[in-house]
Amino acid sequence: MIQLYNVSKKYPNKVQALNDITLNIQKGEFVFLVGPSGAGKSTLTKLICREELPSRGQVIVNGRSLLRMKNREVPYLRRKIGMVYQDFRLIPNKTVFENIAFALEIIGASHKEIKQVVPAVLRMVGMETKINMLPAQLSGGEQQRTAVARAIVNNPVLILADEPTGNLDPDTSWELMKLFMDINRRGTTILMSTHAWDIVDNMKKRVIQLDNGVIVRDEEGGVYSHDH
Amino acid sequence: MIINTIIYYFREAATSLIRNAWLTVASMGTIIISLLILGSSVLLVLNVRQIASDLESSLEITVFLEDGLEQDRLDELREEIKFVPGVTVVNFVAKEQALEDLEESFGDKAELLSGLEDNNPLPNSYTVKTREANLVPEAARELEKLEGVEQVRYGQGVVEKLLALTHWVRIWGSLALLVLGVAAVLLIATTIRMSVFARRREIGIMKMLGATNIFVRMPFMLEGMIIGLTGGLVAVLIINFGYLSLLNKVMLALPFIQLVDDPGNIYLVLGSLLGAGFVIGTLGSTISLRRFLRV
């Protein structure tokens, strides 16, 4: 699903965010990306959805080399990737329904299709009763569920989650993780960067630890850190 | 698929136009005013040009001849006049004819001239026309040199001033039109940039969800087009009715002035104005969006 070969990323301001990373994530895997702030987790995520291009090395997502990909092909790559962020990134003046419908409008779905698909996906994340509410009227957990619903509505092959529980309390975080596990069980690959050590320790999934732009640990069924 | 997207484009554009009603009104107003000035200037220039060329074509040189020239010399002189560069038409006016013309122009006071028939003081003359109005002064100088010519007259001074005037009206008119056009483009660009800036987070989310650039751009372009076309249409209607009523008034009050009243020409001007509105609106939105699409 995701292959990186000797990838380095140096930003124009001379910051070396990643240094010679090689990594392979299979289809259907659930992978945690851990490490201190500034370790390069966000940069790695940005390389995979081609928000940034590597300074050196190859990035291959879903069988396509992102370096050779033309700019006009990028939108079609992103439709295969569902993204979930710490700050939810919902459109504030659109309702829950409209926020999710928006992802479908972008790919040119019909009104009829939207009316069928949106309630179904909202039922899946347990948000069917809040369908006409605005993001500001929702709790953090509810907003993140809505964001997850939007991320999966186009049936992506990969979900990139950038600290999705960062703004949520522990109980809500667990609810969200159950949702992610559900999605993963249906075959969607998930790459989630996080600081939530208790979640990582309990889930016993593959853990990739970054520090200073290099992979210091890549372990199946790992824990957040061997230091604590 | 495409139909759904097109419906989406129009819905988004309409929502944005309504949500930013004040900006919409402001930019439409600017386009209307710019195009009104633009259109009036074009019509003014066209009319000045038409009046100028009317005056130019009625321009002629009168060559007064010395008294007592033989018929042979008169014929020779006609050939010599025809040989002067730029001269196209030469007509002989005998002194008797000149007196008749004068009497005619005196109308019922013609008896003042009675008694002059026996001792006609008016000279024989040739009236000469040139190919172009600006050849008149040069031709007149040449004609003065011919033997048997007493005096050469044309509208000395007036013609040159008229030509200079039309020249300046044309230059300043075009310049003003250009400045107004650029100002309108910038204003629309600013207006749409504000609306884009207010929605830059939304644009970021759209790009994250896999929206193509054209998908992000189309609602804004439509917004600009609608503003431009509506503004253009209002300006065109105002100019059309304003100019038609001006034409009627001038025709009644000043029948000797022939204004541009050919519908083809007027519609060409109005159509161009509408096109200008469209281009200004579209261009303004395209320019301001480019920066925000690089995500």
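Hydrogens, waters and symmetry mates play no part in the numbers below; they use all other heavy atoms, side chains included.
Among residues two or more places apart in sequence or in another chain, the side-chain hydrogen bond (donor to acceptor under 3.5 Å, both in side chains) test is passed with A:N167 by none.
In the displayed structure, B:L247 atom CG is contacted under 6.0 Å by more than 12 heavy atoms of other residues, nucleotides or ligands. Few gaps surround OH on A:Y11; more than 12 heavy atoms of other groups in view lie less than 6.0 Å from it.
No other option in A:H111, A:K80, A:R150 has as many heavy-atom pairs under 4.5 Å with chain B as A:R150.
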Identify each donor-acceptor pair in which a side-chain atom of residues 177-187 of chain A lies under 3.5 Å from a protein atom, sequence neighbours left out, and give them as a table.
{"unit_1": "A:D182", "atom_1": "OD1", "unit_2": "A:R185", "atom_2": "NH2", "d": "3.0"}
{"unit_1": "A:N184", "atom_1": "ND2", "unit_2": "A:G28", "atom_2": "O", "d": "3.2"}
{"unit_1": "A:N184", "atom_1": "ND2", "unit_2": "A:E29", "atom_2": "O", "d": "3.4"}
{"unit_1": "A:N184", "atom_1": "ND2", "unit_2": "A:T188", "atom_2": "O", "d": "2.9"}

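At a 4.5 Å heavy-atom cutoff, A:I114 makes no contact with chain B through either its backbone or its side chain. Residue A:N71 does not touch chain B at all, counting heavy-atom pairs closer than 4.5 Å. Contacts of A:K94 with chain B are made by side-chain atoms alone, with heavy-atom separations under 4.5 Å and no backbone atom involved.
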